[in-house]
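Sequence positions, counted from 1, serve as the residue numbers for this chain. Every number for a ligand or one of its atoms is a count from 1 in the order of the listing.
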Amino acid sequence: MSSRLEGKVVLITGGGSGIGQATAIELAKLGAHLAITDVNLEGAHDTYRLCGGKPHYCGVMDVSSKADVELRVSEIVAGLGRLDHVFNCAGINPTSYPLTDTTDEYWDKLVNVNLKGIYLVTRATIPHITTPGGSYVNVSSICGLYPQAEQAVYCATKHGVIGFSKSMALELGLKGVRTNVVAPGYIDTPTNSGVVKGEEYVTRMEEGNSLGRLGTPEEVAGVVAFLMSEKAKYMNGSVVEVHGGLKMLES
Ligand code: NAD
């Protein structure tokens, strides 16, 4: 069984930064043909260049917009011929707010990107995953498994991703298409700084896992690549935690 993804066509959302970008680079090394998308076109272009340009595709896609998702998916399929795997990675990392300070706009933004985005991309791509061995990898978080004070909205979206994905696994598994979830802990990505409340909090995040450091995007990317590969062909509906050995943390 191979860990290679030679010629497999993989759609990545949120591919312009952090975990999405690191995963694109890893998958390109394994021989995949990528559709790198992000709401931030500049970031997507950077990733495209880092992956070596052709045979990959690069374009803007806002996962929270049904029209955008449907248009872009049909363009990608017309260009690359089909889809084999989807990495639903686009997301907004949390800012800590007491619930009384949380706005409806914040709720809408997080739910529309982190949760509805996965629904829209999944629904639009299902008809195009027709070859055996296809799969989805959806990004949740340790906040999809464990509660976190002052991050209730983010936790709700990431818990939702797990429920949605496990149900996808049962439904799409009947067609031979697998769905798995990666649940990262504290990963050192550009916009994770939205969570960070100064040096003291970084130290607490580092000390909050038994390896004593933040994870890197590359350390998540390797797990995503494994989940897509033939080596994980009996994994369906699994949630893989990538957090260095989490200890209990308070906000
Ligand atoms: P990041 O900000 O570096 O990357 C997220 C990407 O998503 C960005 O390029 C951004 O432009 C894109 N994006 C945002 N809204 C979008 C939209 N509407 N449509 C398309 N793209 C959009 O963040 P990251 O840390 O790499 O996070 C990637 C995923 O991992 C997110 O779902 C995040 O919640 C999750 N996650 C991150 C961590 C962490 O510690 N960094 C931990 C657990 C889960």
Side-chain angles (χ1 to χ4, degrees), residues 11-26 35-48 50 58-73 86-96 106 108-121 124 137-146 148 151 153-162 164-165 181-196 201-202 204-206 208-209 213-221 223-224 239-244 246 249:
L11 165 61
I12 301 181
T13 71
S17 174
I19 294 168
Q21 181 173 82
T23 302
I25 294 167
E26 176 71 15
I36 300 157
T37 66
D38 199 291
V39 73
N40 170 10
L41 187 57
E42 204 181 316
H45 272 303
D46 287 345
T47 305
Y48 178 78
L50 289 166
C58 173
V60 71
M61 180 165 87
D62 176 354
V63 297
S64 67
S65 157
K66 176 177 175 242
D68 210 19
V69 167
E70 290 180 352
L71 180 71
R72 199 58 75 186
V73 167
V86 175
F87 183 37
N88 274 313
C89 184
I92 296 176
N93 285 320
T95 308
S96 294
Y106 183 71
D108 289 343
K109 191 170 152 191
L110 260 67
V111 170
N112 286 340
V113 177
N114 293 2
L115 188 55
K116 189 178 177 192
I118 292 186
Y119 158 68
L120 290 175
V121 172
V137 178
N138 297 338
V139 178
S140 177
S141 163
I142 50 170
C143 293
L145 294 159
Y146 308 102
Q148 183 79 19
Q151 290 184 12
V153 179
Y154 182 75
C155 282
T157 65
K158 294 300 186 179
H159 273 72
V161 168
I162 291 178
F164 184 76
S165 304
V181 175
V182 67
Y186 297 103
I187 309 300
D188 193 3
T189 61
T191 58
N192 198 19
S193 55
V195 192
V196 172
Y201 193 73
V202 175
R204 285 178 56 206
M205 287 201 292
E206 287 168 350
N209 68 82
R213 62 174 176 84
L214 301 182
T216 67
E218 291 74 20
E219 287 166 335
V220 180
V223 176
V224 176
V239 179
V240 182
E241 300 176 40
V242 187
H243 51 49
L246 190 69
L249 268 186

With a cut-off of 4.0 Å, which atoms of ligand 1 are near a heavy atom of [X]?
| X | value |
| --- | --- |
| P190 | 3 (O) |
| I187 | 39 (C), 40 (O), 41 (N) |
| Y154 | 33 (C), 34 (O), 36 (N), 43 (C), 44 (C) |
| G18 | 3 (O), 26 (O) |
| I19 | 26 (O), 30 (O), 37 (C) |

Look up atom [atom1] in [X] and atom [atom2] in [Y], then write down how far apart they are to the nearest 0.5 Å.
| X | Y | atom1 | atom2 | value |
| --- | --- | --- | --- | --- |
| R72 | L11 | CZ | CG | 11.0 Å |
| N114 | S141 | CG | OG | 9.5 Å |
| F164 | I118 | CZ | CD1 | 7.5 Å |

Heteroatom proximity flag, [X] to ligand 1, N/O under 3.5 Å:
| X | answer |
| --- | --- |
| G20 | no |
| V113 | no |
| T189 | yes |
| I142 | no |
| S141 | no |
| C89 | yes |
| S17 | yes |
| S64 | no |
| G185 | yes |

For residues [X] and [Y], determine if any side-chain heavy atom of one lies less than 4.5 Å from a side-chain heavy atom of the other.
| X | Y | result |
| --- | --- | --- |
| P184 | I19 | yes |
| V39 | M61 | no |
| I187 | T216 | no |
| L120 | V63 | no |

Among D38, D46, N40, closest by any non-hydrogen atom to atom 10 (C) of ligand 1: D38
Could you identify the single nearest non-hydrogen protein atom to [atom] and state the distance to 0.1 Å?
| atom | result |
| --- | --- |
| atom 18 (N) of ligand 1 | D62 OD1, 2.8 Å |
| atom 16 (C) of ligand 1 | V39 CG1, 3.6 Å |
| atom 14 (C) of ligand 1 | G91 O, 3.8 Å |
| atom 1 (P) of ligand 1 | T191 OG1, 3.2 Å |
| atom 30 (O) of ligand 1 | V139 CG1, 3.3 Å |
| atom 27 (O) of ligand 1 | N93 ND2, 3.9 Å |
| atom 43 (C) of ligand 1 | P184 O, 3.4 Å |
| atom 20 (C) of ligand 1 | M61 O, 3.1 Å |

Side-chain donor-acceptor pair present, N138, S165, cut-off under 3.5 Å: yes
Is [X] reaching over with its side chain to a backbone N or O of [Y], donor-acceptor style, under 3.5 angstrom?
| X | Y | value |
| --- | --- | --- |
| T37 | I12 | yes |
| Y48 | G16 | no |
| Q21 | G18 | no |
| S140 | K158 | yes |
| H243 | Y186 | no |

Going by heavy atoms, is [X] under 4.0 Å from ligand 1?
| X | answer |
| --- | --- |
| K158 | yes |
| G43 | no |
| S140 | yes |

Atom OH of Y119: over 12 foreign heavy atoms under 6.0 Å: no
Nearest atoms (heavy-atom pairs only) where V113 meets G91: CG1-CA, 3.9 Å
